[in-house]
Participant: 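Below is a structure I'd like to ask you about.
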2 protein chains.
Amino acid sequence: MTYHETSFYFPAPVEQRFCSQCGSALSRKIPPDDNRVRDICENCGAIHYKNPLVVVGTVPVWEDKILLCRRAIEPRYDKWTLPAGFMELSETSSLGAIRETTEEAGADITLKQLFTVIDVPNVNQVHLYFLANANSPKLNPGPESLEARYFGIDEIPWDELSFRTVAQTLKRYIEDKERGVFTTHYLSLS
Amino acid sequence: MTYHETSFYFPAPVEQRFCSQCGSALSRKIPPDDNRVRDICENCGAIHYKNPLVVVGTVPVWEDKILLCRRAIEPRYDKWTLPAGFMELSETSSLGAIRETTEEAGADITLKQLFTVIDVPNVNQVHLYFLANANSPKLNPGPESLEARYFGIDEIPWDELSFRTVAQTLKRYIEDKERGVFTTHYLSLS
């Protein structure tokens, strides 16, 4: 049913030119009773708000080792990440975090507490990471991962991590593990 | 610069029919390397993902009383809410929470910890509420509020609250206040 090469497709950017409801060209202006410029359709009246997205992931642990996946996709191809991805419609953030862990690493996990909530305003995202216990060491990386493996705390490839949210989450995990108490951490990256 | 009545405009729904990049009619199909049906443009290749949105708000406290606003807008017109609204592009969730508190109540607050993280999958939202101290009892409700006032814990209008996330956040606040320790709570509404 796909009529084009895979490379033909791209995620639609935040910038939009046509109305998703009627196809007319959009205007950039402040709607009535608002204080920000939005993309507005002066033909049908639709206001096209754009807002930050939620990324959900896990810190899966097996016998004191942490699961990381080597990315098979851009951005940050070949770098190591905690399993994570965009939260989908109709799911909770915890079920999304489990889904991403299954898809990217094939790990069977039991989710524990919400661990980090990290704003990334420069890319309009909020990342939520949950602690998780792996139920077995078995892994089966999906197409978005070149490989998946468990790292001891002294083996973490700090210089080869994919994203700052991953590094921050791992850092907080190690700190909390050392003091013996895991809490939920909120932080904002600049 | 507005050519139409305020009532002409409406927020564009999740359902979309035309491509925001080229204006062509969209197809509903699973993109290559994906496992969900998306809105795809077979003319220009744009994939139009839709994802949950983040709502940010506060629990502002002045002398053991909690600030609530009576809504001047739909949905839940005339019901009482904690100050909250959609997180905007380029802001952090904490700055968004402060902004909403200023816009809806005119309250001058100092933000404290992240308090509740609540999934609301039936409307595709994640709500983040922060604890806050009011720096003065002065209020100046904006156009989205009919009024704003402080309620003692025994005065909270439980039957006249706007949203389940507000009720859950107030309930956790009272429980944590009674035991003398405030933590960050994660929960999912069905």
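Per chain, numbering begins at 1; letters A, B, ... match sequence-line order.
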Participant: Linking I/L/V/M/F/W/Y whenever their side-chain heavy atoms sit closer than 4.5 Å, directly or via other members, would B/Phe151 and B/Leu131 fall into one cluster?
Facilitator: yes
Participant: Please check: side-chain N/O of A/His48 versus main-chain N/O of B/Ala12, any donor-acceptor pairing under 3.5 Å?
Facilitator: no
Participant: Contact part of B/Val123 toward chain A, heavy-atom cut-off under 4.5 Å: side chain, backbone, both or neither?
Facilitator: neither
Participant: Quick check on the interface: out of A/Ser93, A/Ser24, A/Cys19, A/Ala25, who has the most heavy-atom pairs with chain B under 4.5 Å?
Facilitator: A/Ser93
Participant: Highest number of heavy-atom pairs under 4.5 Å with chain B: which of A/Gly142, A/Gly96, A/Cys22?
Facilitator: A/Cys22
Participant: Quick check on the interface: out of B/Gln125, B/Gln16, B/Glu91, B/Arg36, who has the most heavy-atom pairs with chain A under 4.5 Å?
Facilitator: B/Arg36
Participant: Got a second to check how far B/Leu187's CG is from A/Thr92's OG1, nearest 0.5 Å?
Facilitator: 11.0 Å
Participant: Under 4.5 Å between side-chain heavy atoms, hopping through other hydrophobics if needed: is there a path connecting A/Tyr173 to A/Ile109?
Facilitator: no
Participant: Given a strict heavy-atom distance threshold of 4.5 Å, which part of A/Asp39 is in contact with chain B: side chain, backbone, both, or neither?
Facilitator: neither
Participant: Most heavy-atom pairs under 4.5 angstrom with chain B, which of A/Leu89, A/Leu189, A/Leu26, A/Leu128?
Facilitator: A/Leu89
Participant: Check whether B/Cys41 gets within reach of chain A through its side chain, its backbone, both or neither, counting any heavy atom under 4.5 Å.
Facilitator: backbone
Participant: Check each atom of A/Phe10 against the heavy atoms of chain B and say whether the ones under 4.5 Å are side chain, backbone, both or neither.
Facilitator: both
Participant: Would you mind reporting whether A/Thr6 and B/Asp33 have side-chain heavy atoms less than 4.5 Å apart?
Facilitator: yes
Participant: Between A/Ile47 and A/Phe18, is there shared hydrophobic-cluster membership here, with clusters defined by ILVMFWY side-chain heavy atoms closer than 4.5 Å?
Facilitator: no
Participant: Among the clusters formed by ILVMFWY side chains lying less than 4.5 Å apart, do B/Tyr129 and B/Ile174 turn up in the same one?
Facilitator: yes
Participant: At a heavy-atom separation under 4.5 Å, does B/Ile40 approach chain A through its side chain, its backbone, both, or neither?
Facilitator: side chain
Participant: As a quick check of understanding, evaluate side-chain contact (heavy atoms from CB on, under 4.5 Å) for B/Tyr9 and A/Arg38, giving each step before the final call.
Facilitator: CA-CA 12 Å; B/Tyr9 298 99; A/Arg38 314 280 183 185; over 6 Å; no
Participant: Can you say whether A/Asn43 sits under 4.5 Å from chain B via the side chain, the backbone, both, or neither, judging by heavy atoms?
Facilitator: backbone
Participant: Would a single hydrophobic cluster contain both B/Leu139 and B/Trp62, if residues Ile, Leu, Val, Met, Phe, Trp and Tyr are joined by side-chain heavy-atom contacts under 4.5 Å?
Facilitator: yes
Participant: For the candidates B/His185, B/Glu103, B/Glu15, B/Glu88, which exhibits the highest count of non-hydrogen atom pairs separated by less than 4.5 Å from chain A?
Facilitator: B/Glu88
Participant: I'd like to know if the side chain of B/Arg17 reaches the main chain of A/Gln21, judged simply by a donor and an acceptor atom lying under 3.5 Å from each other, with no hydrogens or angles considered.
Facilitator: yes
Participant: Find the one option among B/Ser90, B/Ser27, B/Gly45, B/Gly23 whose heavy-atom pairs under 4.5 Å with chain A are most numerous.
Facilitator: B/Gly45
Participant: Which answer fits B/Pro143, side chain, backbone, both or neither, if we ask what part of it has an atom under 4.5 Å from a heavy atom of chain A?
Facilitator: neither
Participant: Test your reading of the model: is there a side-chain donor-acceptor pair from A/Tyr186 to the backbone of B/Ser94, 3.5 Å cut-off?
Facilitator: yes
Participant: So which of A/Ile73, A/Asn51, A/Asn122, A/Leu114 has the biggest tally of heavy-atom pairs under 4.5 Å with chain B?
Facilitator: A/Asn51
Participant: Name the region of B/Val120, side chain, backbone, both or neither, that has any atom closer than 4.5 Å to a heavy atom of chain A.
Facilitator: neither
Participant: Is it the side chain or the backbone of B/Tyr49 that comes within 4.5 Å of chain A heavy atoms, both, or neither?
Facilitator: side chain
Participant: Which of the residues A/Gln113, A/Glu144, A/Lys50 is involved in the greatest number of heavy-atom pairs with chain B at under 4.5 angstrom?
Facilitator: A/Lys50
Participant: Using the side chain to side chain contact (heavy atoms under 4.5 Å, CB included) definition, which of the options A/Asn124, A/Leu53, A/Val54, A/Asp119 pairs with B/Met87?
Facilitator: A/Asp119
